[in-house]
Amino acid sequence: MIKSEPGLKDLANYFLLNSSFGSDNSLQSGKLAIAVFFFYAKRNDLDVSPPDAGYSYLEEINSGRSFTSIFYSTGLLGYAVVLDHLLQLGFAEGGVNQYLKDLESHVLPHLPFPNWQQVNIANGLSGPGLYLLHRLSDPTLRTGPLKDLYREKLNSCLKEIKKLLDPHPERACLPYAEPSIWNGWTGVLVFLNKIKRMGLSDEHTENIARNITNELMNYVKSDPSFWPKTEAFFGLFYAIDIDRDKTLHDEIFESFVSFIDSGYNNLQQVEFVHAAFIALLIDLLGRKYRYDNAIALSRKITDKVKMMIAENKIPALFGCVPASQTIEMGMYRGAGLTALSLLSLQSGDCNWLKILGIWPH
């Protein structure tokens, strides 16, 4: 068993003692993220929890399932993707497969929700689209009626997205200044990029992706906010055809270098709830492009996160949810995101990012 680095053990102990009191089971803000964390701790043989902790949390979530929406962020779609992800990792025990089959019977008939007016992942059309991509990415899924149904539903989702975004991205009810993976352009862009990499896109979809790329480029160059640009840069580097477009690549990289150089002077402004995730994304970009200055900045942010965990009580760092008196635990601003990011920074295992639509390539 591998000894976990400082901070990770503290978070895991807090989860084991306190997270069952929370009633929020969602992926974005609730216990589902904690279940994912414990499965990854087991996968990487970290000394943070009993080996069956992930299954225990999943059983607890399933038995008390009270999702009030279909949304990816707060509802059944996010839960279904986590179950599919765990199955693809080989965690098939504990009724995971049956949970997914039961859920799918409630989800599939209703796709693609043509009355939705958002395109983001959290509560928009990219959410069901991402769920369908996960199902189509399952290596055990054979050609047949079910695979054809997934493709048909995905094409319907894309058709609805095109209606909202054609001919101008700003027609979607998506704030320009929101670059995040969950709620903004970055998540939509990585979703559309994955569609192309699977050979499922068309020229219309690719034009939309290029428009979004331009929106994000304008954002990173002109918006006065600082650390939120991290996710935008990650989306841009992940964008369609970026590795084959040298001019665009050089333009983005030049802006990224300036961003990293300024990061050392902005360490005090990084928001704790996103800090570990920011460190992870910067580390991944630094390693991909062999940019040592980015890797060094990531380590500084990571050290700051570990120091703050050591010096503060965990509820003080994440804040309490008034209804349950537990902290926010999910994959957006919660302790689950911090724990998974620290786990990845220690182990190098970033596979859980697929849940957010980020497949390694």
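- Of all heavy-atom pairs between Trp116 and Pro128, the closest is CZ3-CD, 3.6 Å.
- With rounding to the nearest 0.5 Å, the separation of CZ in Phe277 from OG1 in Thr338 is 10.5 Å.
- Heavy atoms of other residues, nucleotides or ligands lying less than 6.0 angstrom from NZ of Lys147 number more than 12.
- Aromatic rings from Tyr291 and Phe253 are positioned such that their centres are separated by under 6.0 Å.
- Using bins of under 30°, 30° to 60° and over 60° for the plane-to-plane angle, the ring pair Tyr289/His249 lands in the tilted bin.
- Lys162 and Asp202 are joined by a salt bridge, as a carboxylate oxygen and a charged side-chain nitrogen come within less than 4.0 angstrom of each other.
- Counting heavy atoms from C-beta outward, Trp182 and Leu356 have side chains that approach closer than 4.5 Å.
- Here the side chains of Ser180 and Asn120 are not in contact, with every heavy-atom distance at 4.5 Å or above.
- In the model, Ser341 has no side-chain atom that pairs as donor or acceptor with a side-chain atom of Ser344 under 3.5 Å.
- You'll find the side chain of Ser73 stays beyond 4.5 Å of the side chain of Ile121, heavy atoms only.
- Listed here is the closest heavy atom pair of Asp283 and Ile295: OD1-CG2, 4.0 Å.
- Salt bridge status for Asp250 with Lys246: present, with a side-chain N to carboxylate O gap under 4.0 Å.
- Listed here is the closest heavy atom pair of Phe15 and Gly336: CZ-N, 4.3 Å.
- Between Lys194 and Ser137 there is a side-chain heavy-atom pair separated by less than 4.5 Å.
- Ring orientation note: the planes of Phe259 and Phe226 are close to parallel, at an angle under 30° on the 30°/60° scale.
- Panel note: side chain Asn312, backbone Ala316; no donor-acceptor pair is recorded below 3.5 Å.
- By the 6.0 Å contact criterion, CD on Glu254 is open, its count of non-hydrogen atoms from other residues, nucleotides or ligands being 12 or less.
- Relative orientation of the Phe91 and Tyr55 rings is perpendicular, given thresholds of 30° and 60° on the angle between their planes.
- Considering every non-hydrogen atom in both Gln118 and Asn123, the closest pair reads CB-O, 3.9 Å.
- Between Ser225 and Tyr219 the shortest side-chain heavy-atom distance falls below 4.5 Å.
- Note: the hydrophobic cluster containing Val257 also contains Leu285 (ILVMFWY, side chain heavy atoms under 4.5 Å, direct or indirect links).
- With hydrogens and angles left out, the side-chain atoms of Asn211 and Glu215 include no donor and acceptor closer than 3.5 Å.
- Contact annotation: the side chain of Ser4 approaches that of Gln346 to within less than 4.5 Å [non-hydrogen atoms, C-beta and beyond].
- Counting non-hydrogen atoms of other residues, nucleotides and ligands closer than 6.0 Å to CD of Glu203 gives a total of 12 or fewer.
- Between Ser255 and Lys221, some side-chain heavy-atom pair lies under the 4.5 Å cut-off.
- To the nearest 0.5 Å, atom CG of residue Leu281 and atom CH2 of residue Trp227 are 11.5 Å apart.
- Side-chain atoms of Asn351 and Arg43, non-hydrogen and from C-beta on, do get closer than 4.5 Å to each other.
- With respect to Arg135 and Asp84, a salt bridge is recorded, a charged nitrogen being found less than 4.0 Å from a carboxylate O.
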